[in-house]
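Just so it is clear: chains get the letters A, B, ... in the order the sequence lines come, proteins before strands, and each one is counted from 1. Note: hydrogens, waters and symmetry copies are ignored here, and every other heavy atom, side chains too, is used.
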Amino acid sequence: MSFSVSTWNINSVRLRIDLVARFLAGRAPDVLCLQETKCIDDQFPSAAFRKMGYPHIAISGQKGYHGVAIVSRLPFAGVEIRRWCAKQDARHIAVRLADAAGAARDVTIHNFYIPAGGDVPDPAVNEKFAHKLRFLDELTEWGRTEKPAASRAILVGDLNVAPYVNDVWSHKQLLDVVSHTPVETEGLEAVRMAGDWVDAIRTLTPEPERIYTWWSYRSPDWAAANKGRRLDHVWLSQDLAGHLEGAQILREARGWERPSDHVPVTVTLSL
DNA sequence: ATGGTTGTCATACAA
């Protein structure tokens, strides 16, 4: 069985439900993980997803900010929502796929939206950056103590860190820019190592090939300038990494009408 | 060195 999971920071699921429909009609992943849904659970467009063939829906929303969701063709056996850094932010949701999911049964999918961290990369003067670093530390501790990737697990999301040299358009120019500072890139690497996760995208496309999943709205001609960053990730537990078949970063979605600043990332496994 | 855009909700804040 071929199993596919996508992750997409949609920057308001209500505003861009037609773009989600276009993506699902074309790519049809088994599971889609969304970040920055920006609405409370009652406002989530569940009916539209059901109509598109995604009847299984797990939501952790909040008013105006953040918000994550997982929509699926395959049924869930359980849903877990965790809170981080002693805040109520909706930045994580996980599902376990049910026996009825066939070969994908018992796969757990964690969907994260790590704090962006504000503009100034100094935790002493920027509380948002301090929060981001604390979040990374908590994730490392989570990986070390709870072993979330001990078996059949996938971690996806907008991790808001471009960890490697060729995950940004200019390593040198972004060393002091939030998302690519050494404390963040080393922090995310610590998270990955502590959990024993495998970076699926970089396994298929190793450095030094450049990979981006996000282009700022502030660049007037994003495609020509191509000043992107790889902020969106798919990580696999070791036992699933051997089943990795392919990946797709849908760059063209950045050029759709009224786009998100992030594009969908899809990984396919042979289970 | 600076300002550039977007969404939500209310005219500020987060990204």
Side-chain angles (χ1 to χ4, degrees), chain A residues 7-23 33-45 48 59-69 83-92 111-123 125-136 156-163 167-170 172-181 183-185 187-188 212-233 251 253-265:
Chain A
T7 178
W8 195 6
N9 178 321
I10 193 61
N11 189 16
S12 174
V13 68
R14 290 180 294 170
L15 189 68
R16 293 189 227 286
I17 188 64
D18 291 345
L19 297 189
V20 177
R22 180 173 174 180
F23 170 67
C33 298
L34 296 167
Q35 304 87 34
E36 282 208 272
T37 53
K38 291 192 172 177
C39 63
I40 60 173
D41 294 0
D42 287 349
Q43 297 173 323
F44 191 85
I59 314 166
S60 177
Q62 71 181 76
K63 184 179 176 179
Y65 304 112
H66 320 319
V68 289
R83 306 293 174 178
W84 302 80
C85 300
K87 292 175 182 277
Q88 291 306 304
D89 290 3
R91 293 185 180 276
H92 167 265
N111 178 17
F112 279 99
Y113 176 49
I114 292 182
D119 290 330
V120 181
D122 179 354
V125 299
N126 174 9
E127 170 50 32
K128 290 197 278 281
F129 194 71
H131 177 212
K132 183 177 196 175
L133 299 184
R134 287 199 306 276
F135 202 107
L136 290 169
V156 308
D158 176 5
L159 306 186
N160 266 317
V161 179
D167 290 339
V168 292
W169 63 274
S170 169
K172 197 174 171 185
Q173 286 179 256
L174 289 174
L175 272 172
D176 58 354
V177 173
V178 172
S179 73
H180 194 63
T181 65
V183 67
E184 292 168 87
T185 59
L188 190 69
Y212 311 139
T213 66
W214 173 90
W215 293 261
S216 173
Y217 284 129
R218 296 179 191 180
S219 178
D221 193 349
W222 70 274
N226 199 27
K227 293 183 172 180
R229 306 178 200 172
R230 188 171 75 106
L231 303 179
D232 303 276
H233 300 270
R251 188 181 197 271
R254 184 63 179 79
W256 290 353
E257 194 178 343
R258 285 257 262 174
S260 169
D261 44 357
H262 297 252
V263 299
V265 177

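- Distance CZ (A:R229) to P (B:dA15): 14 Å, rounded to an integer number of Å.
- Taking the C1' atoms as reference points, B:dG3 lies 16 Å from B:dA15, given to the whole Å.
- Taking atom CG of A:D261 as the reference point, atom P of B:dG7 lies 9 Å away to the nearest angstrom.
- Salt bridge present: A:R134 and A:E127 bring a charged side-chain N and a carboxylate O closer than 4.0 Å.
- Tested against A:T213 for a side chain to side chain donor-acceptor pair (under 3.5 Å), the candidates A:D261, A:D232, A:D158 yield a single pass: A:D232.
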_Walk me through whether A:F23 and A:W8 qualify under ring pair (Phe, Tyr, Trp, His ring centres under 6.0 Å)._
CA-CA 10 Å; A:F23 170 67; A:W8 195 6; 5.5 Å; yes

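- Atoms CH2 (A:W215) and P (B:dA15) sit 21 Å apart, rounded to a whole Å.
- Taking atom C1' in both B:dA1 and B:dA12, one finds a spacing of 25 Å when rounded to whole Å.
- Side-chain N/O atoms of A:R258 include one lying less than 4.0 angstrom from OP1 or OP2 on B:dG7.
- Nucleotide B:dT6 holds its C1' atom 14 Å from the CG atom of A:D119, rounded to whole Å.
- Between the CH2 atom of A:W214 and the C1' atom of B:dT5 there is a distance of 10 Å, rounded to whole Å.
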Write down the protein N/O and nucleotide N/O pairs, taken from nucleotides 10-12 of chain B, whose separation is under 3.5 Å; answer none if there are no such pairs.
none

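- The residue among A:Y113 and A:T37 whose nearest nucleotide of DNA chain B lies closer to the 5′ end is A:T37.
- Heavy-atom nearest nucleotides on DNA chain B were determined for A:Q43 and for A:S219, and the one closer to the 5' end corresponds to A:S219.
- In this structure, A:R254 is positioned above the aromatic face of A:W222, its NZ or CZ under 6.0 Å from the six-membered ring centre and within 45° of the axis.
- At B:dA15, none of the side-chain N or O atoms of A:H262 fall inside 4.0 Å of OP1 or OP2 (strictly under the cut-off).
- The side chain of A:R218 places no N or O atom within less than 4.0 Å of a non-bridging phosphate oxygen (OP1 or OP2) of B:dT2.
- A:R91 comes within 4.0 angstrom of sugar-phosphate atoms only, judged by non-hydrogen atoms across all strands, and of no base.
- When the ring pair (Phe, Tyr, Trp, His ring centres under 6.0 Å) test is applied to A:Y113, the partners found at least two apart in sequence or on another chain are A:H66.
- No side-chain donor from either of A:S179 and A:E184 sits under 3.5 Å from a side-chain acceptor of the other.
- Between the C1' atom of B:dA14 and the CD1 atom of A:I114 lies a distance of 17 Å, rounded to the nearest Å.
- Here the closest non-hydrogen pair linking A:V161 and A:H233 is O-NE2, 2.9 Å.
- Taking atom C1' in both B:dC9 and B:dC13, the straight-line distance is 10 Å, to the nearest Å.
- Of the candidates B:dA15, B:dG7, B:dC9, the closest approach to any side-chain atom of A:R14 belongs to B:dC9.
- Of the charged side-chain nitrogens involved, at least one lies within less than 4.0 Å of a carboxylate oxygen, so that A:R91 and A:D89 count as a salt-bridged pair.
- To the nearest angstrom, C1' of B:dT8 lies 12 Å from CD of A:Q62.
- Between the P atom of B:dA15 and the CD atom of A:Q35 lies a distance of 13 Å, rounded to the nearest Å.
- Annotation: B:dG7 and B:dT11 have their C1' atoms spaced 14 Å apart (nearest Å).
- Separating the C1' atom of B:dA14 from that of B:dA10 is a span of 14 Å, rounded to the nearest Å.
- Between A:S12 and the phosphate of B:dT8, there is a side-chain N or O to OP1/OP2 separation shorter than 4.0 Å.
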